[in-house]
Every structure is written in structure tokens, then in C-alpha cells.
Amino acid sequence: METVLCSDPTALPQPGTTKPSWESLSSVKQSHAQILKSPRRPSRDLVAKLVAVYGKFGDVSSAVRAFAASPWPPDAFLFNSLIQAHVCNSLFLRSFIIYREMLDNGVAPNRYTFPPLFKACSCATQLTCGKQLHAHSTKRGLTGDPFVAAALVDMYMKNGEVNGARRMFDGMKTRDVVLWSALLAGYSQNGLPQEALQVYEQMRRAGVAVDNVAVVSAIAACSQLQELHLAGGGLHSLALKSGFVAEVVVGTALVDMYASCGELPAAKQMFGEMHHKDLVAWNCLINWWAEKGPPLEAFKLFVEMQRSRRLKPNGSSLAGLLPAIARCGSLQLGKSCHGFMLRRNFGSDEFVVTALMDVYAKSGDLVVARKLFDGICSRNVISWSAMIAGCGAHGRVEEALSLFDEMLRRGIRPNHITYIGVLSACVHGGFVDEGRRYFLQMIEHHSITPSLQHYTCMVDLLGRAGLFEEARELIRGMPAEPPPEIWGALMGACRIHGNVKLGKYAAEKLFELKPADPGFYVLLSNIYAAAHMWSEVRRVRGLMRELGLRKPVGWSSVEIGCRIHSFLSGDKSHPDSDEVYERLGELISKAKETGYVPRKEVVLHDVEDDVKESVLSSHSEKLAMAYGWSRLMSGKPIRIMKNLRTCEDCHSFAKFVSTVTHREIILRDAVRFHHIKDGICTCSDYW
DNA sequence: TTAGGGTTAG
């Protein structure tokens, strides 16, 4: 062994010592400088260690310089270190080039060479390259090495080659915990949680001591399965007994599991019990609150994270928070986030930009959403799907479908979510032929098995067009018993077309499947009311009372400056209520002068006409419209959000208001956007 | 010197 000449004996690795005292980049550089000053040339092993440690500190340039100055020719250890330094700094393509140089210089790769290269193939999704390297490792008899094998299983799994990974695993005679975990994690990461839990069970039966990593992957599988009580509960107990729970990764996996099962209080409690919380743990909590919790709470968590832990949000934090803003539908808040994102240089992060695009689309500003979409350099299937869905929801059906065609022309393969957007667009536009064609194309050309959402879209599309027999045929052809969503869509179509008989049939199915959902009772009562079958209406309403079910309360909001003002139907609690009703009265008079006739048939109670008109005139969206007109500057669009579907009368009224006030009205309801300008709505009147 | 893990846009 060569002796290292150095004035400070603690600064350099000494023979026999296990841990070098290179704890910072500056200490490494200092030692390196001393080595260079020394009259004797350093050994290859010492340079290789320097290269590795430079890589770990993220200084790839110094690693390359150290390598270049090493005794020539470099050996395998030196090349391995240089490859590793590049891989751990995400310079994957460069690592392949170094491997090529290694071969060109006649240096034989060894068991240490391949794991980092397979990792590079995993991260850079380079399956072809991975397969070639697999062949190289086999040729050299290295594939049986446990480190190489585990890296290979991981490489195949990360590239979505589940069967390849399994074959690799099955071919191994000795299987350690890391090899098992690579398989288990791979199944979980590929959306196969059942298989992942099976592997976990097999692993335990095989007597392998389960470690923290295996537990994390099994918990992740439970999150996907939303399986909290059997496997999930057992894993939490195991994590507690073994002490793994103290690890931030294990704690985060448990937070995620509780939240994904809808147990937000348990998730928050788990989060509170974690001693150390890193950025991923915070992001996990924020993401779930943004999706399922009160949107403002998600925003508060985002602020709290930065204050209390002094953590800097990354792209995931923002992409996770933005759905909360999208749910609020607040354009102002969306713009603030946009500014924050630009200041923090997330303007080219496609995750963040796609999430922001969705915020603008859901806040009613499709123009900015489209600009953001056009500005994304590498648009993937997710950004295309988001834009297509946005256009469809805004009634820009032709634009949605032409975007879809363009996406196909560019060779982007659509997935099941893309087709949900495409089929919904067809529903919004009443494009029956196109819908049928896309549904078949999805199955036959893209081998996508229709999901519940696809079937629901099709039933909705056919039902709205009055093609009840075709809709029923489709339902009969479904592989499993139709769930409530399907009958709900059919019932909605029955209301539009006054099909009492089929509506009643669908309602009976729904009352069996979801007896406590008030929405379906209301829908049936609406079907009877539209047919003037008032005794049936009373019977259904009576049934609702007996069951203690109440119609969900409708509310609308309008954004004025930085504030959101909400109104219930007939609401008089707003501080400016007098002004709201006075201005609404003006609007109704002006609208009537230009031809607006209240559509009293929309009111479903068996009451006198004047009562119906008074009920109609205080619908929450009308109150919000009047307040917006009163308070927003002249020419500014009025943006309204409604929690339920807008009724036909309010839709018609909004068209007259847009004409008499010369304002654009953008109304987001539970299913779509209505862009109304000069008396015309971009979405069809196809109800 | 080398392998497997938690969050993340539609």
C-alpha cells in the first residue's frame, strides 16, 4: 500500500481507517491540493476515492480534473468512480460515454461498474441501453451478483418492464432483502399494488427479515389500494414495534396512506408525531390537503412549511398546492401563484406549468391557459390531456378535438385520461358520432380498456341525444354490475327528455346502490315535476324527509378584487344585500325589456306562478351576477362560480345580462364553464 | 467503490 504524504494526518484516509474525514467539499479540496503538492504521485485508489467524494459533493468538474490527472492508464476503480460521480449528479448520458471510453481503453468492467449504469438507465428511461448493458454484464458473468441483479430488477421496473424484472428475479438463486424490495417497490411503482403485497407476503413466508425499505414499499401499495385496516394497520403496528416509524420516509409513507384512504385527521396526527419532517413529508401533506382538505388550509400549510422549517418549496410543493387554488377557482390567487412561480424560477418546470395551466382553465381564463400550454417546451401526454380537458369544459369542443388530432399527429400516445377529456368534450358539444368513433378508437387502436368514467361519458352522450336504447345496450355490455355513476348519467338524460319510465327504473337502481344520496331523489323529483306529476313529486320529497335527506344547498360566488363574495339562494346575509337586490331588480327589468321570459317550469314546486318567479329571481348565481355588475369596473368580465349545476333559467338570464350590460360572463358550475358574450354562450344550449 | 424506499401536473 502506498503511503500518503500529508502534513495533516487526519485530513486524508489512512491505511486501515474506514472513514475518511472529508466531511465538506472544502476539506476535500484542501487535501487534494496537498496531494498535488506532494513529490510522490498519488495512487490510483486514492484518486478514485477523490473522484467519488467530489461526485458526492456535487463537484463533477473537480472529479473530472482529478481523474484526468490520475496515473495513466486509469483502472476499473477509477472509471467506476467517475461513472458513479456522473450518475449521482444526474449526468446520465455522460456516464454512458465514460463506460464506452472504459471499454475502448481495454479496461474490463467489474461488479461495481454496472449498478450505477443501470441506475442511469432507470432515471433516464433508457430501456434499450439498459438491455445492452444487461447483455454486457451477462457476458462477463456478473449478472448473478446480488448488487448487479437488484439494480437490474430496478432498471426494468423503472422502465415499466414488469415482466422483464420478474424474469430477472425468478432467475436468481439467492435472494436478499434488497432484491425482494426491488421487486416489491417495482410492482408498487407500476401501479400493481396487489402484486406488491403478494410479494411482501411471499418475502415474509420465505423468512426474509423485512427492513424499513420493504415496509415503505408495502405501505405505498396499501395507499394505492386504499387498504387501511388489514395490511395497512398491520404495517403501521410493525413500523411502531420495529422503530422504523421514526424514519422520515416511513412516517411520510404512513401519512400518505391515511390521507389517500380519506383519513385526513389520522394523516395529520401521524405528521404531527414525526420528529423530523423534510420537504417530501411537507409536500405529501400539502398535496393531500390541496386535493381533499379545505383549500385554504393547504395554502396555510404551504406558508407554515416555509416559516417553521425554513424549507424552500420545490416544483412538487407548487404542483401539489396548485390544485387547491384550482378548486377555489380564484383567478386572483392563481395569478399570485403564477408570480411566485416566476420569481422562484419554476417557469420552465413542466409539472408546475401544467398545474398552473389547469388553475387558469378552472378559473375561467382559457386564453392564459393556452399560452402556458404553447410555451411548454416538451409537452407530454399530461399537458396535452389537461389542455384538451380544459377546452372541452369551456365548450370549445372543436378546439379540444383538433388538439387531440394534433397530439396524435405528433406521435404522443393518448392514455385513458386523455380519452376522458375527449369524450367529455363530445358530451359538452353533443357530438354523438365523434364520441362513438373515439370510444371505439380508444379500445381498438390504443388497447385501452374503457373505465367507469369512459362508460359514464358515453351513457351521458347517448342519453342526452335521446338514444336511450343504445345507452342501455352499452350498459348491458359493461363487464361488471353498473355502478351508481352510470345510472345517474342515464337519469340526468331522462330528466332532459322527460323519460319518466326509464328515469324511475334508473332511480330504483340508484336507491338500492346509494340509498342515502339526496341528489338522486332530487333528480327523480325533477323528472316528475317536469311531467307535472305533482303527487309523485310530493311522494319523493316525503320519502326524503322520512330518510332525513336534504337537498344540497346551492351557492354561488363572485370574485371582486382580492375578495370572494358568496351567496346562497335567496340570501340576504351579505352586508350589501340591499344593493344586490336593487341591482338585480334593475337587471331583471332590462332583461325583460329585451325579451327575457322567466322559465318558470324550472321551479319544481307545485306553487303559483308568481311564487315561482320570485324563487327564480333569487337564485344564487343571479345574486352574484348582480353584485359583480354593480362592483366590477365597466367592461370587466363577471366571473361566477356555482357549486351545483346552473339551471336553464339562470343560463338564459345570463345571456340577456351579457347583452344589456356589455359584459362577458364566465360561469363555472359543477360540470362546465359557460362563456357568455353578447347574448351568445360558447357552450351549446344542449342541456 | 456498487443495489431497493416516501410527495409530485391532466
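Atoms considered below: every heavy atom in the structure, side chains included; atoms not considered: hydrogens, waters and symmetry mates. Predicted, not measured: the structure shown is a model, and the values here were computed from it. Every chain is numbered from 1 and lettered A, B, ... according to where its sequence line falls, protein lines coming before strand lines.
- One interatomic measurement links the two molecules: CE of Met357(A) to P of dA9(B), which rounds to 13 Å at whole-angstrom precision.
- Legend: residues meeting salt bridge (charged side-chain N to carboxylate O under 4.0 Å, His left out) with Glu297(A), ordered by chain and number and at least two apart, are Lys300(A).
- If you check every strand for non-hydrogen atoms under 4.0 Å, Val352(A) touches nothing.
- Listed by chain and residue number, nothing satisfies the salt bridge (charged side-chain N to carboxylate O under 4.0 Å, His left out) test with Glu304(A) (two or more places apart in sequence, or in another chain).
- Asp45(A) comes within contact range of no nucleotide atom at all, as no heavy-atom separation falls under 4.0 Å.
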* **Under 4.0 Å protein heavy-atom contact, by nucleotide of nucleotides 1-6 of chain B - B base, S sugar-phosphate only** => BBBBBB
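- Summarising the geometry, the separation between CG on Asn287(A) and P on dA9(B) is reported as 7 Å, rounded to the nearest angstrom.
- Straight-line distance from the CE atom of Met257(A) to the P atom of dT7(B): 13 Å, rounded to whole Å.
- Partners of His136(A) under the ring pair (Phe, Tyr, Trp, His ring centres under 6.0 Å) rule, at least two apart in sequence or in another chain, are Tyr99(A).
- The side chain of Thr354(A) lies closest to dA9(B), out of dT7(B), dA9(B), dT8(B).
- Between the P atom of dT7(B) and the CE atom of Met270(A) lies a distance of 15 Å, rounded to the nearest Å.
- If you check every strand for non-hydrogen atoms under 4.0 Å, Asn380(A) touches a base.
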Output side-chain donor-acceptor pairs under 3.5 Å for residues 358-367 of chain A, partner residues at least two apart or in another chain, one line each.
{"from": "Asp358(A)", "atom 1": "OD1", "to": "Lys362(A)", "atom 2": "NZ", "distance (Å)": "3.3"}
{"from": "Asp358(A)", "atom 1": "OD2", "to": "Lys362(A)", "atom 2": "NZ", "distance (Å)": "2.8"}
{"from": "Tyr360(A)", "atom 1": "OH", "to": "His338(A)", "atom 2": "ND1", "distance (Å)": "2.9"}
{"from": "Ser363(A)", "atom 1": "OG", "to": "Val359(A)", "atom 2": "O", "distance (Å)": "2.6"}
{"from": "Asp365(A)", "atom 1": "OD1", "to": "Val367(A)", "atom 2": "N", "distance (Å)": "3.4"}
{"from": "Asp365(A)", "atom 1": "OD1", "to": "Val368(A)", "atom 2": "N", "distance (Å)": "3.3"}

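- In this model, no donor atom of one side chain and acceptor atom of the other lie less than 3.5 Å apart for Asp349(A) and Asn314(A).
- If you take CG of Leu254(A) and C1' of dT7(B), they are 14 Å apart, rounded to a whole angstrom.
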Just distance, no hydrogens or angles: give the donor-acceptor pairs under 3.5 Å from side chains in residues 208-216 of chain A, sequence neighbours left out.
{"from": "Asp211(A)", "atom 1": "OD1", "to": "Val213(A)", "atom 2": "N", "distance (Å)": "3.2"}
{"from": "Asp211(A)", "atom 1": "OD1", "to": "Ala214(A)", "atom 2": "N", "distance (Å)": "3.1"}
{"from": "Asn212(A)", "atom 1": "ND2", "to": "Glu247(A)", "atom 2": "OE1", "distance (Å)": "3.1"}
{"from": "Asn212(A)", "atom 1": "ND2", "to": "Glu247(A)", "atom 2": "OE2", "distance (Å)": "2.6"}

